[in-house]
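Here's the structure we're looking at; comments come further down.
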There are 2 protein chains.
Amino acid sequence: MPQDSPMTAKPDRIRKGRKFDQVLEGAREIFLRDGFERASVDAIARAAGVSKATLYNYFPDKRLLFSEVLRRECDRQAGAALHEIDMAAPAETVLKSAARHIVSALLSEFNQAVFRICVAESDRFPDLGAAFYQSGPMRLRSEIAAFLREATRRGELSVEDETLAADQFAELCKADLYTRRVFRLDNGFAEDEIRRVIDGAVAVFLARYGANRT
Amino acid sequence: MPQDSPMTAKPDRIRKGRKFDQVLEGAREIFLRDGFERASVDAIARAAGVSKATLYNYFPDKRLLFSEVLRRECDRQAGAALHEIDMAAPAETVLKSAARHIVSALLSEFNQAVFRICVAESDRFPDLGAAFYQSGPMRLRSEIAAFLREATRRGELSVEDETLAADQFAELCKADLYTRRVFRLDNGFAEDEIRRVIDGAVAVFLARYGANRT
DNA sequence: CGGAAACTGAACCGCCCGGTCTAGGATGTC
DNA sequence: GACATCCTAGACCGGGCGGTTCAGTTTCCG
């Protein structure tokens, strides 16, 4: 009988409480929408469908709730990866497919929201910047770098400094699109705009790192 | 705007206030340091060495003061340009020199502060994003594009889509450095880190756009 | 000089915020 | 039914905020 104690059947469940997830979900919604300062605890409790007392029963203050929410969002963000791409395909194919993934991930509403919050609050919450960096750019880089290493081994590419090359590739995928998105000049982008950037990124990358260049 | 030599005439409107510039300067300091929400009007007045009544004599509310300050900062930012570079030099030289300027400008404390504020407040101040974009990335792009056009005419480069190429070059200069700076993982960077990125950017760019490639 | 305009410091207002507290309603287990 | 646990609504608190007011001081200029 591992779970049975004399007083309670499931101590961990009781410790956590039934509405714990509701609180986090409400906080997520409001924090991502309004940022830390403008998000009021009352609004969070309302969005969570929970009383303020319950909220403060789980989290001692607003800051810790915020930290917990964004830690989770950073984890969540780390999930969006390139794993499903067939790394055995020709390098150009892989790069184009990766570029498309990268672009759509970078421009997504979710990434934008997390990015903006992390930028805005990275001084008051010093861990935040590192968390975002590790769950986003760093992970992306290491995935790309792994492919570049493999493609170099196969003789398709010729990359010496994989981490630099990976960063460059990711950076090339942003070209203008990202900036315009961050500053809210555009919400969505036409397919040909995106293709122009992607094709351009791959062309530039292959011109430098393709194995068959003279 | 007013505030000049004691002999100037125009007592009408110009003479309106002696402390106008002080207010803007104090607001600049506090807003860039704390952002819009966390900056208190009292703190601004204190930093400006001015009473709150005086401040409100010039600006009807905090929002307008903020807008005015950041409009000016965007203009100021636009000043940091590449004009002093000798565009007649060989393309590789020009690109390296431009890259160095770009990197140091992007990583500067000033640009970082303005960038962060614009990102954080671009939803509540919709003009802000556009202002920053035009005074920063867009200006930079058109300067680079102009050079690329000229270098292509000279036969040193072979660029068809200058604006894309310009964006790509600027983007390449960021590689990792910018991200780490934005998220406050590093304050300063070693010279070899910077050179690695710059040389890498120029190498990638020339591999694609150099005229003498096969 | 004299008077107008700019400026001051502090008190003040109403509001909303983060956080606490209380009295009581559900729910579940003996 | 008794008891404990979780949760609820909302009143409440101290404090800081943006913004106003005012009585008095400084600065400027004819």
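B/Phe59 has its CZ atom 13 Å from the P atom of D/dG19, to the nearest Å. With rounding to whole Å, A/Asp42 atom CG is found 11 Å from C/dG19 atom P. Remark: P of C/dA6 and CZ of B/Arg18 are 9 Å apart, rounded to the nearest angstrom. Rounded to an integer number of Å, the gap from CD of B/Gln22 to P of D/dT27 is 12 Å. Rounding to whole angstrom units, OH of residue A/Tyr56 and C1' of D/dC12 are separated by 14 Å. One can place CD of B/Glu37 at 11 Å from C1' of C/dC17, the figure rounded to the nearest angstrom. Note: CZ (A/Arg46) to P (C/dC16) measures 12 Å, nearest angstrom. Whole-Å rounding puts the B/Ile30 CD1 to D/dG16 P distance at 17 Å.
No contact: A/Ala45 has no heavy atom under 4.0 Å from any strand. Contact annotation for B/Ala43: no contact, since no heavy-atom pair falls under 4.0 Å across all strands. When heavy atoms are screened at a 4.0 angstrom cut-off, A/Ser40 is found touching the sugar-phosphate backbone but no base atom.
Side-chain atoms of B/Asn57 lie closest to C/dC7 of the nucleotides C/dG19, C/dC7, D/dG18. Proximity note for A/Val41 (side chain, C-beta onward) versus D/dT8, C/dT8, C/dG18: the nearest is C/dG18. If you check D/dT20, C/dG9, D/dT8 against the side chain of B/Ser51, the one that comes closest is C/dG9. Of the candidate nucleotides D/dA9, C/dG19, C/dG9, C/dG9 has the atom nearest to the side chain of B/Ala53.
Taking only distance into account, the side chain of B/Lys62 never meets the base of D/dG19 through a donor-acceptor pair shorter than 3.5 Å. For D/dG10, the base has no donor-acceptor partner in the side chain of A/Lys52 [N/O atoms by modelled type, under 3.5 angstrom].
Looking at which nucleotide of DNA chain C each of B/Leu55 and A/Arg38 is closest to, the 5′-most match is held by B/Leu55.
Between the side chain of A/Asp61 and the backbone N or O of A/Leu64 there is at least one donor-acceptor pair closer than 3.5 Å.
Figure legend: cation-pi geometry between B/Lys62 and B/Phe36, with NZ or CZ positioned under 6.0 Å from the six-membered ring centre and within 45° of its axis. Judged by the 6.0 Å and 45° rule, B/Arg180 forms no cation-pi pair with A/Tyr133.
Residue B/Tyr58 has a polar side-chain atom (N or O) positioned under 4.0 Å from OP1 or OP2 of C/dC7. Within the 4.0 Å cut-off from OP1 or OP2 of D/dT8, at least one side-chain nitrogen or oxygen of A/Thr54 is found. The side chain of B/Lys19 places an N or O atom within less than 4.0 Å of a non-bridging phosphate oxygen (OP1 or OP2) of C/dT8.
Minimum heavy-atom separation, A/Val197 to A/Ala175: CG2-O, 3.8 Å.
Taking the six-membered ring wherever Trp is involved, the centroid distance between the rings of B/Phe183 and B/Tyr178 does not fall below 6.0 Å. The six-membered or imidazole ring of B/Phe20 lies near that of B/Phe59, with a centre-to-centre distance under 6.0 Å.
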